[in-house]
Amino acid sequence: MSKIYNLYLDYKSKDNTYLYLFKCGNFYIFIGDDCDYICRVTTLKKIKFTNDVYKCGFPLNSLDTYLSIFKEIGLNIKVIDELNDDNVLVNRIKNIDLNNTTGIEALNILKELKELI
């Protein structure tokens, strides 16, 4: 899976009360279940992101307009501007419960962290 999708899953596992909007090149995009929901409540259209995951979005210069629309309809949006932000890595590491992590889980966590770097 892509770096953005793995990051999306990480954010959703920590707090699924938000819809996560990722900066991706010249666009902001929603992916996964967030994309499905946004497409039901707005005019944004979904397209394939990977073989199994869809995305929808808009150009960077439309952010303020869309944030106003999302606020008006009562959506909790969290904008993720930096995918390689060191804070993402630090927060992911801080949230690892070493006392309740198996060896296999630890290897999977290391794999995820490597993909974020």
Side-chain angles (χ1 to χ4, degrees):
M1 278 292 153
S2 78
K3 186 184 300 187
I4 293 175
Y5 187 68
N6 287 333
L7 191 57
Y8 164 76
L9 293 176
D10 189 47
Y11 278 114
K12 290 303 265 190
S13 71
K14 291 176 190 164
D15 188 350
N16 66 359
T17 62
Y18 287 99
L19 299 171
Y20 294 95
L21 181 61
F22 294 90
K23 182 179 177 184
C24 182
N26 292 323
F27 291 86
Y28 280 101
I29 63 169
F30 293 99
I31 59 175
D33 292 338
D34 290 359
C35 167
D36 293 339
Y37 183 77
I38 285 291
C39 288
R40 284 194 304 271
V41 299
T42 69
T43 59
L44 293 174
K45 302 295 179 209
K46 66 181 178 178
I47 60 172
K48 281 202 175 233
F49 182 60
T50 67
N51 287 337
D52 302 319
V53 179
Y54 284 85
K55 69 177 180 176
C56 64
F58 51 85
L60 293 179
N61 62 358
S62 300
L63 179 63
D64 291 337
T65 301
Y66 277 97
L67 288 179
S68 292
I69 293 168
F70 300 147
K71 183 178 180 181
E72 193 173 297
I73 59 177
L75 300 178
N76 291 325
I77 305 293
K78 187 165 278 197
V79 179
I80 311 299
D81 283 315
E82 296 296 328
L83 297 181
N84 292 323
D85 188 353
D86 288 340
N87 290 332
V88 172
L89 292 173
V90 169
N91 288 334
R92 178 68 174 109
I93 292 168
K94 282 182 180 178
N95 289 318
I96 297 171
D97 182 0
L98 294 177
N99 294 323
N100 293 310
T101 302
T102 67
I104 297 293
E105 290 170 333
L107 288 172
N108 287 332
I109 290 168
L110 286 173
K111 182 181 175 187
E112 290 173 24
L113 291 174
K114 182 179 179 185
E115 289 177 5
L116 289 174
I117 295 175

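All residue numbers refer to positions in the sequence shown, counting from 1.
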Quick check on the hydrophobic clustering: are [X] and [Y] connected, directly or via other members, by side-chain heavy-atom contacts under 4.5 Å?
X     : Y     : result
Ile29 : Val79 : no
Leu44 : Leu63 : yes
Tyr18 : Leu9  : yes

Under 4.5 Å between any side-chain heavy atoms of [X] and [Y], yes or no?
X     : Y     : value
Asn16 : Asp33 : no
Ile4  : Ile80 : no
Phe30 : Ile77 : yes
Thr50 : Ile31 : no
Ser13 : Asp10 : yes
Thr42 : Ile73 : yes
Phe27 : Leu60 : no

What's the verdict on side-chain contact (heavy atoms from CB on, under 4.5 Å) for Leu75 and Tyr37, showing C-alpha distance, side-chain angles and the deciding distance?
CA-CA 10 Å; Leu75 300 178; Tyr37 183 77; 3.5 Å; yes
Counting only heavy atoms from other residues, nucleotides and ligands, does the tally under 6.0 Å from CZ of Phe49 exceed 12?
yes
Return the orientation label for the Phe22 and Tyr11 ring planes: parallel under 30°, perpendicular over 60°, tilted otherwise.
tilted
Any idea how Phe70 and Phe58 line up, ring-wise: parallel (<30°), tilted (30 to 60°), or perpendicular (>60°)?
tilted
With salt bridge (Lys or Arg N to Asp or Glu O under 4.0 Å) as the test, would you mind laying out the steps for Asp36 and Arg40 before giving the verdict?
CA-CA 6 Å; Asp36 293 339; Arg40 284 194 304 271; 5.5 Å; no
Mark yes or no for whether Thr102, through its side chain, and Glu105, through its backbone, hold a donor-acceptor pair below 3.5 Å.
yes
Applying side-chain hydrogen bond (donor to acceptor under 3.5 Å, both in side chains), run through Asp15 and Thr17 and close with a yes or a no.
CA-CA 6 Å; Asp15 188 350; Thr17 62; 2.5 Å; yes
Asp34: which of Lys12, Lys55, Lys78 passes side-chain hydrogen bond (donor to acceptor under 3.5 Å, both in side chains)
Lys12
Would Tyr66 and Leu21 count as a side-chain contact (heavy atoms from CB on, under 4.5 Å) here? Give the steps.
CA-CA 11 Å; Tyr66 277 97; Leu21 181 61; over 6 Å; no
